[in-house]
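Structure first, then comments.
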Amino acid sequence: MFPDDEACNTYVEQLRWPKGFICPACGKHSKCWHQTRNRLVCSYCRRQTSITSGTIFDKTRTPLTTWFEAAWHLSTSKNGLSAKTLERTLGTRYRVAWTMLQRFRVAMVRSERERLSGYVEVDETLLGGADQGGKRGRGASKSVIVIAVEVLEPKGFGRIRMRHIPDASGANLLPFVSDFIATGSTVHTDGWRGYNNLSQKGYTHKKTVLSTSDDPAHVTMPGVHLVAGLLKRWILGTHQGSVSSEHLQSYLEEFTFRFNRRTSKSRGLVFRRLIEQSIQSNPVTEAAITHGYDW
Ligand SMILES: [Zn+2]
């Protein structure tokens with residue numbers, strides 16, 4: 001479908017202005033003409049607009065065909081791909097592959113705004129860092145990730161949310177719950193005191209105190225247990241475990257995007273969604289992703 005930049009530009013233009021061009025400069029629903037394949041001129045105010053301005057494709061020297069090819073690989077491969085693999089697949093420089101993936105991860109978060117609801121499990125997991133034998137990996141200490149999983153009736157799991165937090169104190173756990181879970185939901189946690197005030201925040205709080213329960217964690221929290229296991233395997237497999245703490249949240253966003261679309265039958269639709277979100281997303285500068293995007 002996308003033999004050249006022109007085809008990509010046309011696709012972006014159609015997704016961006018499905019009901020006809022709206023000039024970003026004057027805001028008018030106006031006619032426009034193409035000055036070049038990427039530049040439109042408003043017939044009303046005569047100002048020029050680049051088709052990709054104001055999107056994550058903006059201000060990059062990478063051609064749209066390369067972006068599209070990367071998006072295709074990213075949305076059609078079951079487990080995604082590392083920057084190293086993308087570098088080899090596209091024949092670009094590593095840095096180009098890496099920054100494209102980082103920008104796509106920023107775009108992926110856009111669709112994940114609606115809060116989880118119903119019955120939701122919440123628990124933390126630890127990732128990377130020191131082994132249990134006391135040996136220290138390059139990542140030094142472990143990262144704490146809090147995970148929320150919708151549990152469906154009669155069985156199965158719905159959507160997920162994840163956040164990399166500095167520690168498992170209430171100061172980090174409660175904002176996570178209120179940001180990502182609708183009030184009125186039932187929130188299932190263990191007995192950790194960090195979750196103590198949930199019932200005052202408008203949630204029905206179901207607590208399973210593990211030390212007094214005979215069930216191991218994978219029985220009482222099957223959703224979180226499953227997701228934590230998949231996440232760890234994904235980071236070890238696709239990314240060979242090489243995810244630094246400062247970039248961890250970006251990877252969590254990609255994992256969430258994938259997991260929440262795992263039942264999508266058409267990979268083509270996932271691709272379209274990724275391009276759509278890349279258009280709706282604001283430009284991301286190189287500087288903004290170099291040391292970890294500020295989520
Ligand atoms: Zn205009």
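Counting starts at 1 for both ligands and their atoms, following the listed order. Scope of the values below: all heavy atoms of this structure, side chains included, with no hydrogens, waters or symmetry mates.
In this structure, R103 has no salt bridge (Lys or Arg N to Asp or Glu O under 4.0 Å) partners at least two apart in sequence or on a different chain. Annotation: side chain to side chain contact (heavy atoms under 4.5 Å, CB included) contacts of S53 (sequence neighbours excluded): R16, T49, S50, D58.
Protein N/O/S atoms closer to the Zn ion (ligand 1) than 2.8 Å number 4 in this structure.
Under the side-chain hydrogen bond (donor to acceptor under 3.5 Å, both in side chains) criterion, the residue pairs touching residues 146-158 are E150-R159, with sequence neighbours excluded.
Closest of all the heavy-atom pairs between T55 and I51 is CG2-O, 4.5 Å.
Side-chain atoms of T60 and W67 form a donor-acceptor pair, as typed in the model, at a separation below 3.5 Å. Remark: the H34 side chain and the E13 side chain contain an N/O donor-acceptor pair separated by less than 3.5 Å.
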